[in-house]
**Student:** 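Attaching a single structure in structure tokens format; questions to follow.
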Number of protein chains: 2
Amino acid sequence: MRSTKKSSNRSPNSSPETADRIQQAAIREFAEKGFTKTTIRGIASAAEVSPGLVIHHFGSKEGLRSACDDYVFTAITEAKAANAHYSTMAMEIVFADPVMRTNIDYLMKSLLDPSEHGQRYFEHYIDLVEGYLADGFAGYTFRQSTDRRGQAATIAALALAPMMFADRIQTALGTTDVKDTLTRMAPHLLDLYLNGVLDSIPDVEADTDPNGDDQP
Amino acid sequence: MRSTKKSSNRSPNSSPETADRIQQAAIREFAEKGFTKTTIRGIASAAEVSPGLVIHHFGSKEGLRSACDDYVFTAITEAKAANAHYSTMAMEIVFADPVMRTNIDYLMKSLLDPSEHGQRYFEHYIDLVEGYLADGFAGYTFRQSTDRRGQAATIAALALAPMMFADRIQTALGTTDVKDTLTRMAPHLLDLYLNGVLDSIPDVEADTDPNGDDQP
DNA sequence: TTTAATGTTAAACATGCGTTCAACGAAGAA
DNA sequence: TTCTTCGTTGAACGCATGTTTAACATTAAA
């Protein structure tokens, strides 16, 4: 197992940073292929290390995943705090850093696997949105609802969608990369957030369903 | 391989509907666990059949997947056409049918795997939205944009989000099932589609980023 | 009745996976 | 020096997977 204490050059045969290299390689692999399709042998190969060493440092594939979850979670939280003075999540800045790009991809994969960490992050994100709803964000104020938690969950889900479907949208629109894709979407998202989607409400109709949503 | 001709009782040992049973079992398994985590043995067991027979009928796991993709795609398309007279996608009606629920879950999984069928469906969905933007939908008219394709892609992605994150939202809100979850979200989605998210625009600020979006 | 074709199964095959194990080598401790 | 610790490896183990194969039973065709 990976030693918890981190002293300098404490171990016989060098390399306490080997474990870090393995973890970074794992994050990249997980971010690209997801947890299930990623193999320990693939991670070991990417880190230029034997498969056994991966297990030796992290105990198991699940243990490695937990370590990666923790790392990515705090890395993103810290980056978010560092960029808090921007009025947006600073797409241009976040996506300029390839490491942060990988971390975000990792989180997206994490959100889809039915894992505990993914759920925790999702609820953390809802909390964030709920705070914005209550206190506003960078001068913006938000529409209010009596069911603020439900409202926050709804907005959080929609806010994650562009990143979640970035690859599919990129293929559909022929954009070159994620940044290009999000740039293309930005004005439509702004318009949507400011004014909604619908332009007019139809006259009353005899439909039995009172809901006006548009879900599949 | 599954015979293409479908005559009545043409085969020696009964059961041309066995292949259908296998396919339905496969759709359920794929919808629940996704393609990668689903095993042929699991499908065979669910269909009360030997693993070899699954291969015999569909050639390979990938072949079975293709068959399921085709089936689900046309099933959903037909159901959508049948319910076209409703002003919404008729959540109450669609989700009352467990088979349709399974089909929708299948599609969500398909949308996440980097498969060709998933991409085709996503673009088909964008087409649908684009048509609504151009011609309106059930009396509603939509906000117009010069980049209609980009607008349609953006709206399509957001419209898929509630279903995509249904499980996570359900856990976060403590709702009992998908239908309950979407019912809880419905008023917020309606408000969002009608009025957007933001209530006020802040004064001009010195931020270099003119985008007002809220992405992670 | 014989023949051929088809649906079906049980068992085996080949492969790739996560993991374990024995050994090696380098470095600090004695 | 000798001993012990520990990072590291290569090989192997056990298992689950997708697929193949040989056999069997049943039924239409001859």
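Order of the sequence lines fixes the chain letters, A, B, ..., with proteins taken first and strands second; residue numbering starts at 1 for each chain.
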**Student:** Using whole Å, report how far CD1 of Ile43(B) lies from C1' of dA16(D).
**Tutor:** 15 Å
**Student:** Could you check which of dT19(D), dT20(C), dG7(C) has an atom nearest any side-chain atom of Leu53(B)?
**Tutor:** dG7(C)
**Student:** Any side-chain N or O of His57(B) under 4.0 Å from OP1/OP2 of dT8(C)?
**Tutor:** yes
**Student:** Output the single nucleotide from dT19(D), dT19(C), dC17(C) whose closest atom is nearest the side chain of Thr39(A).
**Tutor:** dC17(C)
**Student:** Under 4.0 Å: is that the gap between some side-chain N or O of Thr18(A) and OP1 or OP2 of dT8(D)?
**Tutor:** yes
**Student:** Before accepting this row, confirm whether a basic side-chain N of the pair Asp70(B)/Arg65(B) lies closer than 4.0 Å to the acidic partner's carboxylate O.
**Tutor:** no
**Student:** Should Arg101(B) and Asp105(B) count as an ion pair when the cut-off is N to O under 4.0 Å?
**Tutor:** yes
**Student:** Should the pair Arg120(B) and Phe73(B) be classed as cation-pi, given the thresholds of under 6.0 Å to the six-membered ring centre and 45° from the axis?
**Tutor:** yes
**Student:** For Thr38(B), report the nucleic acid contact type (base, sugar-phosphate, nothing); a contact means any heavy atom under 4.0 Å.
**Tutor:** sugar-phosphate
**Student:** Just the rounded figure in Å: distance from P of dC17(C) to CD of Glu62(A).
**Tutor:** 18 Å
**Student:** Quickly work out the Ile55(B) CD1 to dT6(C) P distance and round it to whole Å.
**Tutor:** 19 Å
**Student:** For the side chain of His56(B), counting heavy atoms from C-beta on, which of dT9(D), dG18(C), dG7(C) is nearest?
**Tutor:** dG7(C)
**Student:** Nearest-nucleotide wise, let me know which of Gly52(A) and Arg41(B) is further upstream toward the 5' end of DNA chain C.
**Tutor:** Arg41(B)
**Student:** Ignoring hydrogens and geometry, is there a side-chain-to-backbone donor-acceptor pair from Ser115(B) to Leu111(B) under 3.5 Å?
**Tutor:** no
**Student:** Say you draw a straight line from OH of Tyr106(A) to SG of Cys68(A); how long is it, rounded to the nearest 0.5 Å?
**Tutor:** 4.5 Å
**Student:** Please work out if Ser50(B) contacts a base, only the sugar-phosphate, or nothing of the nucleic acid, heavy-atom cut-off 4.0 Å.
**Tutor:** base
**Student:** Using whole Å, what does the distance between atom P of nucleotide dG18(C) and atom CD of Glu29(A) come to?
**Tutor:** 11 Å
**Student:** dG18(C) P sits how many Å from Arg65(A) CZ, rounded?
**Tutor:** 13 Å
**Student:** For Ile40(A) and dA16(D), give me the distance from atom CD1 to atom P, rounded to whole Å.
**Tutor:** 17 Å
**Student:** Check the distance between dT20(C)'s C1' and Phe58(A)'s CZ and give it to me in whole angstrom.
**Tutor:** 18 Å
**Student:** Taking the side chain of Val49(B) as its heavy atoms from C-beta onward, which of dG18(C), dT9(D), dT9(C) lies nearest to it?
**Tutor:** dT9(C)
